[in-house]
Every structure is written in C-alpha cells, then in structure tokens.
Amino acid sequence: MITAETQHLKPEYDVVVVGGGPAGMAAALGAKEMGADRVLIVDREKEAGGILLQCIHPGFGLQHFKEELTGPEYAQRFLEKVLETEVDLATDTYVLDIDKDKRVKLMSSDRGVEIVSAKAVVLAMGARERTRGAIRTPGSRPSGVLTAGLAQKFVNMLGYLPGKRAVILGSGDIGLIMARRLTLEGLEVAGVFEIMPHANGLNRNIVQCLHDYNIPLHLSTTVVEIHGSDRLEKVTVAPVDETFTPDMSRSWDIPCDTLLLSIGLIPENELSRQLNLRIDPVTRGPIVRSTMESSMDGVFVCGNVVHIHDLVDFVSQEALLAGRNAGLYATQQQPPEDNIRLVPGENVAYCVPHTISSDREHTVYMRVRKPLEASVLNLGEVYEKKLRYVFPAEMVNLKVRPRFLHEFHGDTLKVDIVPTAS
Amino acid sequence: MKIVLYDVTIIGGGAIGCTIARELSRYQINVALLEKEIEVGFGTSKANSGIIHGGHHGSPDSLKGKLEWEGNQLWDPLADELGFGFRRIGELTVALAEDQLPTLNALKEQGEKKGVPGLELWDRDRLQQEEPSLSENAIAALFAPTTGVVNPYEACFNLIENAVLNGLNLFVSSPVQSITEGPDNTWILQTPKKEYRTRFVINAAGVFADRIAELAGVRTFSIHARKGEEYLLDKRLCGLVKRVIFPCPTPVSKGILVIPTFDGTLMVGPTAEMVEDKYNLATSSAGGQQVFDFVRNVVPGISARDCIAEFAGLRAVADGEDFIIGTTSKKGFINVAGIQSPGLTAAPAIATLVADIIRDEGLSMSLKDDFEPAVPKPIHFASLPTEKQIELARQNPSYGQIVCRCELITEGEILDAIDRGAKTLDGIKFRTRAGMGRCQGGFCTSRCMELLSRKMDVPIPEITKRGGESWVVKPRTELTAT
C-alpha cells in the first residue's frame with residue numbers, strides 16, 4: 001500500500017477535506033479538477049482509506065470502475081490518484097475544531113496543535129454504528145456484545161477472533177458480511193435476527209453471505225434478553241408482531257459467547273453540529289443544496305456524513321460532486337443557486353439533495369419507507385419513472401434533467417414512490 | 001516468611017471502603033483493603049446516580065439522615081484535594097399537583113431543622129424562568145443549593161490512589177472466603193491467594209455485608225438488594241435542565257430523577273426493584289419503560305430515542321432501611337452495612353465515624369507527620385485552552401493523539417490512567433471517559449486494548465472488560481484447536 005504523509009502543512013488552503021475515506025479522497029480529487037491548487041485531506045487514522053481498509057471482501061467498484069474490487073483495492077486506486085495530483089495528506093491528524101471563518105484546528109502527535117485556514121471545507125467523516133444503548137436491549141452487560149464493525153476490525157485488521165459461537169442482531173450489510181467472515185474463520189454463526197419483516201442489507205449479501213453458508217435469517221424476530229455475568233452466555237430471542245412487541249410465549253434461548261450488532265449507522269456529525277449546520281432529522285445528516293453545500297456557505301458535505309449509502313460507488317460519485325463544487329467555491333466560480341425544493345412524499349423517507357436547480361442535471365438519492373413490488377416514482381407532476389421491486393435497504397436514484405422542468409414554474413416538487421395503478 | 005499483622009483490614013473497595021481507607025491513611029497504623037473485583041469501585045459505586053444529596057431528604061432521627069448532612073459538607077475539601085469531578089449544581093424537588101405542596105413544606109422544615117442552608121420554595125413563574133424545560137404542570141418546587149453531582153467511580157479511584165500513596169496496602173481480586181479468630185484478639189481472613197492477619201476488620205462489603213458478618217459469626221442482619229436501572233442520554237441534550245430534578249417523594253421512594261451528571265450528559269433513573277440474586281445487574285424493558293414514562297411527565301423533552309447506554313446497580317438495603325455502623329459482639333469486628341442512598345453523600349462522615357469507633361475500641365491512632373492529602377489532578381485535554389493544548393502536545397506527543405473521538409480523549413490521558421491503576425477497559429473508561437460517549441467504544445476499544453497490552457506487557461487476548469472471564473478477543477489458534 002502506498003502511503004505518504006505530508007510533513008509540513010501550508011498555512012492556507014483552497015479546500016480542506018475532513019476525512020480520508022472514500023468520500024474525502026473523491027472530494028479532494030474533485031476540488032483539484034476544478035482548479036483548486038492547495039487541497040488538504042486530514043484523516044485521524046494512520047492510513048487514508050477509512051472503513052474500506054477493514055472491508056477485505058470483494059463487491060466494491062462494480063459501478064465506478066466496472067470491475068469487482070476488495071475494499072482496500074478500491075481505496076488504493078483513489079489514494080494513488082490523490083498522491084499523483086499533489087493533494088496534501090495529513091494522516092494521524094485530528095480536526096479539533098472549525099470556526100465560522102473556516103480556520104481549522106488540527107492536532108497530531110508529530111506536529112502538535114496547528115491552525116490552517118481554508119476557503120472551502122468538505123466534511124467527509126463517515127458514520128458510526130448504532131449501539132446496544134440505542135435499542136435498549138434488556139439484560140446484563142457482559143463482554144462479547146459488540147458492533148459488527150468492531151468485530152470486523154478485530155478479525156480483519158488485528159487477527160483476533162471475537163468468540164466461538166455468534167448470534168447476529170440486525171441484517172445490515174456489515175452484519176451479513178461478518179456472518180460469512182466469522183463462518184470462514186471457524187466460528188459457528190447461529191443465526192441472523194431482524195426485527196423488521198424485511199432484510200436491511202442488500203439482496204446480494206443475503207444470498208452470498210447467508211444462503212451460501214446455510215446461516216438462517218429470522219425476520220420479524222429480535223433479541224429480547226442478554227445473559228451472562230463476565231462473558232456473554234446466551235441470548236433469548238422472540239418473534240415480534242406488527243408493533244414490534246415480542247411474543248414471549250414463543251421465545252427461545254440460544255447459547256453463544258458473541259453477539260454482533262448490525263442495527264444501522266448514524267452520520268458522524270460532531271463537526272457539523274459545532275458549525276451549527278442545519279440537520280435533517282430523518283437522515284441525521286446536514287441539509288444539502290444540489291452542490292452538496294450545507295446551510296453554511298463554503299462548507300460542503302458528502303458520503304455517509306450526509307446520509308447512509310449502501311454502495312461506496314455512490315459515495316464516490318456524490319463526493320466528487322461535493323469536491324468539484326468546493327473547488328468552484330474556492331476559485332469563485334459557483335453555479336447558479338438552487339430554485340426548487342424537493343419534498344419527500346408519503347413513501348419516501350428522505351431525498352438528497354434537498355434542493356435542486358432547474359438549469360442543470362442532478363442525481364437525486366432517496367430511500368422508500370415500505371417495500372413495493374411494482375411501483376412508480378413521481379417527481380411532482382413533471383416526470384414519472386417505472387421502478388421494479390423497491391425496498392428500504394436499497395437506495396433509489398433518479399437523474400433529474402433540465403428538460404423535465406421546462407414546463408414547471410413552481411418552487412416545490414413532491415417526490416414519491418407509489419404502487420403502480422393496477 | 002514473616003507474617004504481617006495489620007492494624008485494620010477493610011473488606012470491600014466501594015465508595016465506603018475507599019473513603020474509610022483514605023481517612024485511616026492519615027494515621028500511623030498499618031491498613032489493608034481487600035477487594036474481590038479487579039479494580040476498586042467496580043460494584044454499586046460505578047452504577048449509581050452520582051448525587052451528593054442536599055442534606056434535607058433524610059429524617060434527623062435516622063443515622064442515615066444525620067450522616068447525609070454531615071457527609072454533604074465534607075465533599076468540597078475531598079474533591080479539592082483529590083481532583084475528582086464534583087460540582088454543587090443544586091436540586092429541585094418538583095410538585096406536579098396541589099396535594100404535593102405540604103410535602104415540599106415538610107421537606108423544607110426538616111432541612112432547616114438540620115441546618116441545611118439556602119432552601120427556597122419556588123413558584124411556577126420562577127421555575128419556568130430557571131428551568132424552562134420543566135413540564136408546565138410543575139406548580140412549585142423546593143430548591144436546595146447544597147446538592148451536588150460527582151463521578152462516584154472517579155472518587156473511588158482517586159481516594160484509593162491517595163490512600164495507597166499514604167501507605168494503604170491494596171489487594172484486588174481478593175474475595176474473602178473465610179474469617180476466623182486468631183490468637184491475641186486477632187482475625188484471620190482467607191482469600192484464594194493469601195491469608196491476612198489483622199486486629200480490626202471493617203465490613204464494608206456492600207450487598208454482601210451480611211455474608212461477611214456471617215463468616216465472622218456476628219450476623220445479626222440481612223442485606224437485601226434493591227436494583228436501580230439508570231439510562232444515559234446523548235449529549236445532544238446537555239443543558240436541558242441545569243439542576244437535579246426530583247419528583248415529590250412518596251413514603252416508599254425518592255422517585256425517578258433527571259440528573260445532569262458531572263460530565264454534563266443527562267441521566268434518568270433509578271428504578272427501585274427488590275431482587276433475590278445479588279449478581280442480577282440486568283436492565284429490563286419494563287424498567288426502561290417506567291423510567292421514560294415517569295420522566296416525560298416532569299421534563300417532556302426527554303425520550304427513549306436519545307438513550308445511548310443503560311446500566312443497573314444494587315443498593316444494599318438492611319432490615320429497617322437504616323445504616324448499620326458499629327461494633328459487634330466480637331471484639332475488633334466492625335460493621336459498616338446497609339449503606340444505601342444517601343450512602344455516597346454520607347461516605348466521608350461515615351469514614352470519620354469509623355475512625356472514631358476504632359479509636360474508642362482501643363487502637364492507638366496518631367496522625368502521620370508526612371500525610372500527603374493530594375493526588376495530581378488528571379489531565380483532561382479537551383477542556384484545556386488552545387495554548388495549553390499546544391504546549392502539552394509539544395512536550396509529550398501522546399497528548400497530540402486522539403484515541404476516543406466522541407469524548408476527545410488523548411492517548412496521553414489513557415496512558416496516565418493505566419499508570420494510575422487502570423487494568424481493564426472499564427478501568428480506562430471510568431477514569432477517562434474513553435468509550436463512554438455516543439459510539440460506546442466502537443472506535444476506541446481496539447486502541448485501548450493495544451495500549452493496555454503494551455503498558456502491562458501482556459498479550460491482547462488477556463485484556464478484559466472488567467476482569468474475570470470478561471475477555472474480549474481470543475487468538476485464532478485457541479478457537480481452532482478445540
């Protein structure tokens with residue numbers, strides 16, 4: 001793996017990118033492309049690449065590179081470009097604070113505390129995993145209950161195993177990937193339990209990680225109690241009804257020493273909150289314009305900071321856009337402001353960006369609330385698109401072209417995905 | 001091998017044992033403390049509300065009511081000397097209905113009789129002005145400025161660190177298995193590893209104090225465990241209320257509280273449920289439901305959505321509900337039992353009371369000339385001004401390395417915690433807050449394990465969450481060998 005850490009930082013940058021994962025690297029490249037000279041990526045880990053570095057399984061890059069790569073391979077391709085384009089890279093460096101004049105306070109063990117100023121900032125800190133506290137699983141608090149991502153780090157990065165017999169709560173993609181990984185490492189995976197009536201991971205992961213290894217997936221079933229004093233000894237699971245209330249008369253115990261939680265991700269927005277960016281309560285990430293600019297001028301956001309993506313390829317695409325616009329902002333060549341607000345309809349949980357401009361093409365990302373067999377996506381009354389099977393775990397995207405809007409004179413468009421009229 | 005005869009041996013390293021140990025370390029006597037867990041403060045002391053009660057809640061006719069107010073007044077010098085988190089943020093006991101007003105008046109009168117200063121009755125307008133997040137149904141409240149919040153585990157760690165500095169002999173992972181009378185008015189305490197001889201035994205064994213008394217043949221009481229579940233909320237809600245919010249007490253309970261902890265995050269709880277099993281620290285969906293349902297009536301802005309962690313602790317409840325402190329039928333065996341709420345508040349007063357008791361029992365106790373009252377205040381990087389941070393990171397690069405993202409804890413702070421006694425992930429967490437924030441250790445656990453492994457020179461699989469069988473990872477070879 002090629003890595004290079006910048007020894008001396010410049011006091012002023014055109015664009016400072018916070019986070020050197022897939023979003024941050026693509027954003028830096030985008031900024032360079034638009035003529036920003038001095039671009040800095042700051043990452044708190046020893047190497048850039050973010051969470052991709054522990055994702056040693058294949059399945060990355062099918063959209064972006066048209067070939068199947070592992071996580072580290074995908075990261076490496078971006079890192080090589082970053083280094084070629086002379087982006088400054090400060091790894092092992094933490095952003096303590098960003099003030100409203102876009103002065104960024106950095107800290108590292110090598111260089112201590114230093115302040116650099118930026119014309120534009122891109123926030124690309126990624127996400128963190130939801131924990132047991134968020135779902136308040138009853139029971140004791142033994143060792144052996146951990147998030148799927150932490151288990152992935154133990155196994156793939158540090159070479160240790162989390163236990164002998166595992167139960168996985170939640171069918172998020174990391175949990176599904178870890179079900180397969182643990183099986184390959186010699187653990188027994190007793191099952192994956194999902195409280196929703198549908199899986200929360202990609203269909204291909206259900207097939208390749210569970211079906212291919214005979215790992216059972218129990219839908220509408222959850223862990224209702226955790227047992228064990230020092231170390232996890234067993235969990236009690238029970239089916240739930242439509243209101244997610246467990247039916248204890250049908251509960252059963254599963255002996256295990258490991259419980260992995262794969263119950264969702266939350267955008268990492270400590271810095272966004274410090275900057276008082278407006279936050280969308282549904283995505284729990286900043287509200288964005290079509291340029292991926294937040295509610296604060298010159299502060300751009302991308303990747304899982306904005307909303308949780310299911311494919312890194314989409315993160316790269318979105319981050320490239322954010323980076324390009326940050327580059328344009330820094331060099332004072334911004335595109336026209338947005339003039340249309342997008343409002344999610346009844347079966348759309350959210351859409352990103354929150355506003356668009358009628359003068360250019362946009363990709364709008366959204367998630368449905370409820371799965372539908374045959375459905376149609378309505379962009380107000382100006383455009384409709386037939387969709388096949390849609391479900392919450394798979395992001396839907398829509399290219400909005402200027403020609404859709406030629407006859408539209410309003411300022412708000414409702415986006416909804418509804419069943420096809422029979 | 002020479003057999004050491006201790007003057008005093010304390011059984012139990014909770015808040016009570018630690019405070020007694022520190023008090024006794026002022027004197028020219030040889031003191032030991034036996035703790036069954038791998039670190040002190042790992043039982044009830046790390047799982048309680050962390051409140052230093054105002055002094056007015058307990059009746060002056062009970063021992064606990066008396067020691068509550070005495071203890072309250074001793075916390076400022078203790079926190080000053082030992083540098084742990086303590087702040088008098090005040091409390092409000094809130095009435096939601098007219099018929100609760102007499103209770104507030106009675107509470108005020110009781111406090112004034114005990115000499116608690118500053119008690120005030122606030123009307124609805126004052127309440128809305130001072131605590132706008134309180135429910136509109138809050139018609140009045142009793143304000144007590146003397147109430148404080150403390151990090152109880154931090155207090156334990158620093159008390160014991162200071163006691164050890166002043167000569168205390170601390171033995172962890174040392175459960176007492178048998179107690180026998182030795183020659184010449186001495187006691188013999190047996191643990192799996194070693195035998196200890198001592199003139200005085202202080203039974204500060206918390207929920208197990210009845211078992212310890214029984215081992216010594218002086219059991220005259222039972223200790224029951226009353227479980228309290230607590231729920232910690234996301235720091236998003238910091239500042240929602242400024243003071244500890246009590247409901248109007250009923251004859252059975254102080255009720256469920258909203259607690260702005262010393263670290264600024266909100267905590268809600270505790271429940272109160274008698275349990276048979278003294279190892280039962282499980283939280284329950286009924287408990288969570290009860291807490292959030294109750295709290296919503298008082299502070300409507302709180303919801304279970306913001307919960308980031310939950311835990312439970314066991315109160316040690318003696319028959320009759322009061323503290324049991326004093327000598328027993330056998331010389332040299334002293335009980336400090338049934339120390340439930342406000343036990344933490346009372347702890348410093350209990351410690352001086354115990355010192356008085358053993359002096360009365362004939363132990364010669366003269367003060368040390370070289371008693372060192374302080375331990376260095378731990379560095380908390382995030383709260384330092386920028387210039388200080390720059391200087392510190394330059395002097396010692398490990399302070400320039402963030403390990404815990406959520407709480408902004410540096411490698412330097414974690415190494416300090418290990419130097420000062422942390423042996424486990426929980427030991428680090430409760431000393432530094434690394435792993436206590438919203439990601440609950442998702443990012444920093446592996447780094448903390450690496451640091452513990454390096455400093456203690458043990459392989460990573462030997463690092464535990466809190467001692468015993470609480471291992472975190474196993475080497476590949478161990479699992480595939482079977």
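Note on naming: letters A, B, ... go to the chains in the order of the sequence lines (proteins, then strands), and numbering restarts at 1 for each one. Computed over heavy atoms, backbone and side chain alike; hydrogens, waters and symmetry mates excluded.
Heavy atoms closer than 4.5 Å to chain B are found in the backbone of A/A127, but not in its side chain. Of the atoms belonging to A/I135, not a single heavy atom falls under 4.5 Å from chain B. Heavy atoms closer than 4.5 Å to chain B are found nowhere in A/T258, neither backbone nor side chain. Of the atoms belonging to B/F311, heavy atoms from both backbone and side chain fall under 4.5 Å from chain A. Using a 4.5 Å cut-off between heavy atoms, A/E268 contacts chain B through its side chain alone, with no backbone atom that close. Only the side chain of A/T131 comes within less than 4.5 Å of a heavy atom in chain B; its backbone stays farther off. With a 4.5 Å cut-off on non-hydrogen atoms, A/R130 does not touch chain B at all.
Under the 4.5 Å side-chain criterion, counting only non-hydrogen atoms from C-beta, B/R476 is in contact with A/V155. Annotation: side chain of B/S446 is in contact with side chain of A/F154 (closest heavy-atom distance under 4.5 Å). For the pair A/T147 and B/Q440, the minimum side-chain heavy-atom distance is 4.5 Å or more.
Residues of residues 273-284 of chain B that come within less than 4.5 angstrom of chain A, heavy atom to heavy atom, are B/L281, B/A282, B/T283, B/S284 in numerical order. At a heavy-atom separation below 4.5 angstrom, chain B is approached by A/R231 within residues 231-241 of chain A.
Taking chain B as the reference chain and counting heavy-atom pairs below 4.5 Å, the highest number among A/K105, A/R132, A/E225 is found for A/K105. The choice from B/A286, B/G400, B/C439 that makes the most heavy-atom pairs within less than 4.5 Å of chain A is B/G400. Ranking B/E310, B/E229, B/R466, B/M449 against chain A, the residue ahead of the rest is B/E310, based on heavy-atom pairs under 4.5 Å.
Partner of A/M107 under the side chain to side chain contact (heavy atoms under 4.5 Å, CB included) criterion, chosen from B/T410, B/L408, B/I390: B/T410.
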Would you check, one step at a time, whether the test side-chain contact (heavy atoms from CB on, under 4.5 Å) holds for A/L158 with B/E450? CA-CA 10 Å; A/L158 303 173; B/E450 283 168 349; 3.3 Å; yes
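How far OG of A/S143 is from CG of B/D426: 9.0 Å, rounded to the nearest 0.5 Å. Taken to the nearest 0.5 Å, the CG atom of A/D257 stands 11.0 Å off from the CD atom of B/E469.
The environment of CZ in A/R284 is sparse: at most 12 heavy-atom neighbours from other residues, nucleotides or ligands sit within 6.0 Å.
The pair A/E45-B/R405 meets the salt-bridge criterion, with a side-chain N (NZ, NE, NH1 or NH2) lying under 4.0 Å from an Asp/Glu carboxylate O.
The main-chain N or O of B/S285 is never found under 3.5 Å from a side-chain atom of A/R136 such that the two would form a donor-acceptor pair.
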